[in-house]
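Chain A is the first sequence line, chain B the second, and so forth, proteins listed ahead of strands; every chain is numbered from 1.
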2 protein chains.
Amino acid sequence: MDRNVSDICEVYYVDEERVEKARKALSPEKEILAVAETFRNLGDPTRVKILQALAIQALCVCDLAKLLAVSDSATSHQLRVLRSQKLVRFRREGKMVYYSLDDEHIDNLMREALRHIREGEGPVRAGAMKAGEDRV
Amino acid sequence: MDRNVSDICEVYYVDEERVEKARKALSPEKEILAVAETFRNLGDPTRVKILQALAIQALCVCDLAKLLAVSDSATSHQLRVLRSQKLVRFRREGKMVYYSLDDEHIDNLMREALRHIREGEGPVRAGAMKAGEDRV
DNA sequence: ATGACGCATGAACGTATGTTCATGTGTATT
DNA sequence: AATACACATGAACATACGTTCATGCGTCAT
């Protein structure tokens, strides 16, 4: 059967032009992966607390363990994760190891995330979504 | 010198004062959890791509599926996650559903994360940047 | 109405993730 | 040197997560 495919392709439901435009806006795959991994590492309540605390002042592992009410080992593991993504740095002082935030972007990310979650807490913005949408 | 070492306990290696100061700096538990969940939802390469694409223009599910080279179902699931955290909103147009970013904080978070990961990557030479990488 | 299409949802599967327990490393004190 | 302490690491376990498959829901055209 000979159907004229050109007609179909022109109006193809997937808007190729739009897709291409969006594709060009994407960061290279390597960066996408790095960004996702960074966010994933931030995506744990314990680590969020660690970073909020370190935003104020440097702390050692045992301080953090006490603050978080978890074991030293668990704390150390979490710090290892944060270290691997260069989210925290550390300096040695005798037996103690003091951790602090690695750069100012970390704190910025935390603050921006707080702003985001605080937006939805009030009454739902009018027209944000169609009626009958599932709540959080 | 038989000075008893028991007075070490008073000073305890865990600096209580420092810990208390840090504890006061923490957001309430509810917010910590919300922030962590938001970051966790951002911590997936597919969802990062979706948000970068939506930062440019609204797209429907099938557009995104094509762009991401995954099934419509998988795309829909990811959008459901993003919706649950109010990271994206959507509007219905006939059969199609167009998604877009919910607020400007999302884009800010993406850009800030990009800045972060680009810091540690050795010397940022001209060769490291390619066309279409002007997102920051 | 009936079929086609875009999208949403539920269940199930494989894998990755966070925690714990036990042990190892390095440093300071005795 | 030997001990104690702060921290790091490895293995192992339970759970959570993302993907896929199959199905259901709404809307549009015939």
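Distance B/K95 NZ to C/dC7 C1': 11 Å, rounded to the nearest Å. Rounded to whole angstrom, the span from the CZ atom of B/R91 across to the P atom of D/dT27 amounts to 17 Å. Rounding to whole angstrom units, NZ of residue A/K66 and P of D/dC7 are separated by 14 Å. In this structure, the CZ atom of A/R80 is 13 Å from the C1' atom of D/dA11, given to the nearest Å. Separating the CG atom of A/L42 from the C1' atom of C/dG18 is a distance of 16 Å, rounded to the nearest angstrom. What separates CG of B/L79 from C1' of D/dT19 is a distance of 15 Å, to the nearest Å. Distance, A/F39 CZ to C/dT17 P: 17 Å, rounded to whole Å. Regarding B/E37, its CD atom lies at a distance of 18 Å from the P atom of C/dT17, rounded to whole Å.
One finds no side-chain N or O of A/R40 lying less than 4.0 angstrom from the OP1 or OP2 phosphate oxygen of D/dG18. For the OP1/OP2 pair of C/dG18 and a distance below 4.0 Å, the side-chain nitrogens and oxygens of A/R47 include at least one atom meeting the criterion. Residue A/R92 has no polar side-chain atom (N or O) positioned under 4.0 Å from OP1 or OP2 of D/dA6.
The aromatic ring of A/H77 sits over the base of D/dT9, with ring centres less than 5.5 Å apart and planes inclined by under 30°.
To the nearest 0.5 Å, the span separating CG on B/L26 from CD on B/E31 amounts to 11.5 Å.
Out of C/dT19, D/dT9, C/dT9, the shortest distance to the side chain of A/S76 is found at D/dT9. Checking D/dA8, D/dA6, C/dC7 against the side-chain heavy atoms of B/M96 singles out C/dC7 as nearest.
In this pair, B/H116 and A/H105 present their aromatic rings perpendicular. The plane angle is above 60°, beyond the 30 to 60° band.
Around the CZ atom of A/R111, the shell of radius 6.0 Å holds no more than 12 heavy atoms that belong to other residues, nucleotides or ligands.
In terms of position along DNA chain C, the nucleotide closest to B/Y98 lies nearer the 5' end than the nucleotide closest to the other residue of the pair B/Y98 and A/S73. Comparing B/Y99 and A/S71 against DNA chain C, the residue whose closest nucleotide sits nearer the 5' end is B/Y99.
A/R47 places a side-chain N or O within donor-acceptor distance of the main-chain N or O of A/N41, the cut-off being under 3.5 Å.
Across all their heavy atoms, A/I56 and B/K21 have their closest contact at CG2-CE, 4.1 Å.
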